[in-house]
Amino acid sequence: RPHLPLYASYHPTMEDAIYVTPRWAYQVVTNDDNSHFLGGSLGYARQFSPKITGMVEGSYYLPSTQNTTTSNQVYQFGLGVAFHLPR
């Protein structure tokens, strides 16, 4: 599912970031109908030290499948950790 995220963020402090990410994903299914996923994510990142950043993110998508009229919704929630390598 290739996707195209575009990030916009606000940094109230040097350690905190709030970001929004509109997304579009496309799913190719062999011998079946392809799907588009239109949605976005909202997240928060906190740098705990010069080497570690923690993140929490929630996402919402409205999938649309060719030749189908169903209206499903997809929700995702994630936690992450970024380890910063020395320069």
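Index from 1, following the sequence.
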With a 4.5 Å heavy-atom cut-off, do [X] and [Y] have their side chains touching?
X: I18; Y: S9; result: no
X: F77; Y: V56; result: yes
X: T21; Y: L6; result: no
X: W24; Y: H36; result: yes

Original post:
Would S41 and S59 satisfy side-chain hydrogen bond (donor to acceptor under 3.5 Å, both in side chains), going step by step from the backbone distance to the final call?
Top reply: CA-CA 4 Å; S41 300; S59 301; 2.5 Å; yes

**OP:** Grab the two heavy atoms, one from P63 and one from N72, that are nearest each other, plus how far apart they are.
**Re:**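 Shortest heavy-atom contact: CD-O, 3.1 Å.
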
**OP:** Please identify each residue that fulfils salt bridge (charged side-chain N to carboxylate O under 4.0 Å, His left out) with E57, with sequence neighbours left out.
**Re:**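 Salt bridge (charged side-chain N to carboxylate O under 4.0 Å, His left out) list for E57, sorted by chain: R23.
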
Original post:
When rounded to the nearest 0.5 angstrom, what distance separates CG in N34 from OG in S64?
Top reply: 11.0 Å

Original post:
What's the verdict on side chain to side chain contact (heavy atoms under 4.5 Å, CB included) for Q27 and F37, showing C-alpha distance, side-chain angles and the deciding distance?
Top reply: CA-CA 8 Å; Q27 174 178 290; F37 292 78; 4.0 Å; yes

**OP:** Would you mind listing the cluster partners of L62? Hydrophobic ones only (ILVMFWY), side-chain contacts under 4.5 Å, chaining allowed.
**Re:**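 ILVMFWY cluster around L62 also holds Y60, Y75.
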
**OP:** Just do the side chain to side chain contact (heavy atoms under 4.5 Å, CB included) check on Y61 and L38 with the steps written out, would you?
**Re:** CA-CA 5 Å; Y61 294 95; L38 183 60; over 6 Å; no

Subject >> The single option from H84, Q47, R46 passing side-chain hydrogen bond (donor to acceptor under 3.5 Å, both in side chains) against T53 >> reply: H84

Original post:
Can you name the ring pair (Phe, Tyr, Trp, His ring centres under 6.0 Å) partners of Y7, sequence neighbours left out?
Top reply: Y19

